Each structure stands twice: as structure tokens, then as C-alpha cells.
Trainee: 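For reference, the structure I am asking about is given below.
As the structure is a prediction and not an experimental result, all values here were calculated from the model. When reading the values below, keep in mind they use all heavy atoms of this one structure, side chains included, and skip hydrogens, waters and symmetry mates. Residue numbering restarts at 1 for every chain, and letters A, B, ... go by the order of the sequence lines.
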2 protein chains.
Amino acid sequence: MKSKAHRKIPPNLQCGLDLVGEVLYGKWKIRLLWFINQGHKRPSELHKKIPDASRRVLTMQLNELLDHELITKTVFPEVPPRVEYELTPFGQTLIPVIRAIGEWGDEHEARLRGLIEHPNRYEDV
Amino acid sequence: MKSKAHRKIPPNLQCGLDLVGEVLYGKWKIRLLWFINQGHKRPSELHKKIPDASRRVLTMQLNELLDHELITKTVFPEVPPRVEYELTPFGQTLIPVIRAIGEWGDEHEARLRGLIEHPNRYEDV
DNA sequence: TCCCTATGGGATAAATTTCTCCCATATTGT
DNA sequence: ACAATATGGGAGAAATTTATCCCATAGGGA
């Protein structure tokens, strides 16, 4: 439980960008969708792909993706439990968009690395 | 000042998506870039377009966009001051990506609104 | 003289997100 | 008997983001 239901500051949802923000704004969501699409379905696999995030947050963000019907969750009745997430058809429609984002990052990798590691607002380049 | 320089938890920057996250992750950044591209250059105009954000955050996020060389800032020596932001050529390369995001949101507007307003993880639809 | 203008940023509080630690599950292997 | 397994989630602390309030600027108008 505890999606983003009881926020004291409610969001405004005017344009498409606002709406996307609601379902995609979350530090790891885009990467989760991406890796799930690549076939990394299990929580443990996803955690290996995104080691910077704690298991807890990943679980929570996966739950939000579930809420928003971007992924499905299958729990196999085994012990220890096995869980698999998959993209819904709706979630799949996001893949081209995410691919575009990732490609932009790849194209500008060197520059981005430089900017992130040496931010300088007051100097020319 | 005070970009994201002194974070206690440093980010990992492996793939393109990680890099994009660093420069685009911020509640209003994408919308700021979008509206600047649409010709809304002044801080006050941008605030009108994004009334949910406080003036303070917008300024801060604009500063980060400056740090990352996605926009430029021109201060006209007038009183009261006039300021204009514009996309750099680098920032312009992001516009097609942002457009793709926004279009996805527009295409699925109705569904997204429903999901956001009535999240139900445990019920079928 | 005082207020209005548009903008930036300091200080501090509030809200939100994330981290860390810990417990629970049921079966297989030591 | 007990550890190990993969997963989920509660609780409270820590980190980060955002909101609020307030001050400063310098010229024009009431």
C-alpha cells in the first residue's frame, strides 16, 4: 500500500508531460522498465542491474509501476519465492520513448560525464 | 551555487540512462526545457506556465540546467531586471526526446488520468 | 517618501524519498 | 536443528527536495 495517495501537496495534471511525470518520476522507474524489457524479470536480477538502489526502493517503485499498470507481477508458489515482472502492453508502448532517452544519453556520454563531474556555471567552455 | 556537488550519496553513472537521469531528473526540468523551447524565456513567464512550482525551485532547477549547459541565461541591465533563458544547441538536441515523452502522455491521457486518480493495485480493471 | 516592478538567493521548516535494520515464509542441504 | 534461499514489508533514521518567508536591487509613479 502507500502509493502516492495521501500526499499533502496534490499534483496538477494539465498537459501530457505532467501525466508522464506522475508515472515515470521516480529515481529508478525508467531503468526498471528498461531492464524488465530486456528480460531481467526477477527482483534479484533487477537489483544486480541497479545496485545503487536499495532493495526496498526498488520494491516500492515496482509497486508503483504495478499501480500504474505498466508492469505485471507473477508470484510462483515456490520456496524460496520466485517473482517475475513483465511489461504490460501499455508498458511496452513506453519502450520506444525510453529507448530515445537512453540513446540521447549514449550519444552525448562524454560530454555528460564531463558536465556532471565538473560543473561550472560561471566559466566558459 | 550549491548544485548537487556535495551529496553524501554519490551517483553511479554507467549507462546512458544513468547520465540522462543526472541532468534531467528534477521535478520541473523537462517542463522548463519544453516551455523555454516554446519561447517562454523569462522566469516570470515560466512560473505562469508552471504555477505548481515555487519560484524558488524553478530558479534552482534553472541553475542546474545552466550548470549542465542545456540553457543559457541573459541578464539585461535594466530595472526591474529582465532575464531570458534560451536553449543551447546542446539543449536543443533534447527537444525531440522531450517531444516523444509528451506525445506519449497525450496519447494515453485518459488512461493515465484514470490510473493516477484511482490507483488500485489489487483490483482488476 | 513609499510602493511597485522582476529577479536571485539565504535561512529554516515541511514534505518526500531513500536507507538500513529486522522479521517472516517453507523447503532443501548440511 | 539450523543455515541458506528470494521476496515483501514495517519502523525509524538519514538524506534530499521543496515550500515559505524575507531581504536586496534602482528607477518610475503616486
Trainee: Check the interface with nucleotides 18-22 of chain D: list each N/O to N/O pair with the protein under 3.5 Å, or write none.
Mentor:
unit_1	atom_1	unit_2	atom_2	d
D:dT18	OP2	B:Q61	NE2	3.0
D:dA19	OP1	B:D52	O	3.4
D:dA19	OP2	B:S54	N	3.2
D:dA19	OP2	B:S54	OG	3.1

Trainee: Hey, could you give me each pair passing side-chain hydrogen bond (donor to acceptor under 3.5 Å, both in side chains) that has a residue in residues 73-84 of chain B? Not counting sequence neighbours.
Mentor: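 Residue pairs with at least one partner in residues 73-84 of chain B: B:E78-B:R82, B:R82-B:E84.
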Trainee: Is the shortest side-chain heavy-atom distance between B:I71 and B:E86 below 4.5 Å?
Mentor: no
Trainee: State which residues pass side-chain hydrogen bond (donor to acceptor under 3.5 Å, both in side chains) with A:D18; sequence neighbours excluded, sorted by chain then number.
Mentor: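 A:D18 satisfies side-chain hydrogen bond (donor to acceptor under 3.5 Å, both in side chains) with B:R31 once adjacent residues are dropped.
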Trainee: Using the rule that Ile, Leu, Val, Met, Phe, Trp and Tyr join whenever any side-chain heavy atoms are under 4.5 Å apart, tell me whether B:I36 and B:F76 fall into a single cluster.
Mentor: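 No, B:I36 and B:F76 fall in different hydrophobic clusters.
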Trainee: Just to confirm, is there a sub-4.0 Å distance from OP1 or OP2 of D:dT7 to any side-chain nitrogen or oxygen of A:K73?
Mentor: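 No, no such contact exists.
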Trainee: Hey, can you pull the residues of residues 75-88 of chain B with a non-hydrogen atom under 4.0 angstrom from DNA chain C?
Mentor: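 Hits under 4.0 Å, by residue number: B:P80, B:P81, B:V83, B:Y85.
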Trainee: Of the non-hydrogen atoms in A:I95 and A:L33, which two are nearest, and what is the gap between them?
Mentor: CD1-O, 4.2 Å
Trainee: Please give, in whole Å, the distance from D:dT7 P to A:L58 CG?
Mentor: 12 Å
Trainee: Would you list the atom pairs, donor with acceptor, under 3.5 Å between side chains in residues 54-61 of chain B and any protein atom, with sequence neighbours excluded?
Mentor:
unit_1	atom_1	unit_2	atom_2	d
B:S54	OG	B:V57	N	3.4
B:T59	OG1	B:R55	O	3.0
B:Q61	OE1	B:W28	N	3.0
B:Q61	OE1	B:K29	N	3.2

Trainee: Mind checking what makes ring-ring contact (aromatic ring centres under 6.0 Å, His included) contact with A:W104, not counting sequence neighbours?
Mentor: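 Listed in chain order: A:H108, B:F90.
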Trainee: Any side-chain hydrogen bond (donor to acceptor under 3.5 Å, both in side chains) pairs touching residues 36-51 of chain B, not counting sequence neighbours?
Mentor: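 Matches after skipping sequence neighbours: none remain.
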Trainee: To the nearest 10°, let me know how far the axis at one end of the helix from C:dT1-D:dA30 to C:dT30-D:dA1 is tilted from the axis at the other, five pairs an end.
Mentor: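 End axes: 30° apart.
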Trainee: So which pairs with a foot in residues 89-106 of chain A pass salt bridge (Lys or Arg N to Asp or Glu O under 4.0 Å), sequence neighbours left out?
Mentor: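 For residues 89-106 of chain A: none.
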Trainee: Between B:T88 (side chain only) and B:T72 (backbone N and O only), is there a donor and an acceptor less than 3.5 Å apart?
Mentor: no
Trainee: Can you pull out the residues from residues 32-50 of chain B that lie within a 4.0 Å heavy-atom distance of DNA chain D?
Mentor: none
Trainee: Any side-chain heavy-atom pair from B:L17 and A:I98 closer than 4.5 angstrom?
Mentor: yes
Trainee: Holding to side-chain hydrogen bond (donor to acceptor under 3.5 Å, both in side chains), I want the full list of residues that pass it with A:R113, two or more places apart in sequence or in another chain.
Mentor: A:E109
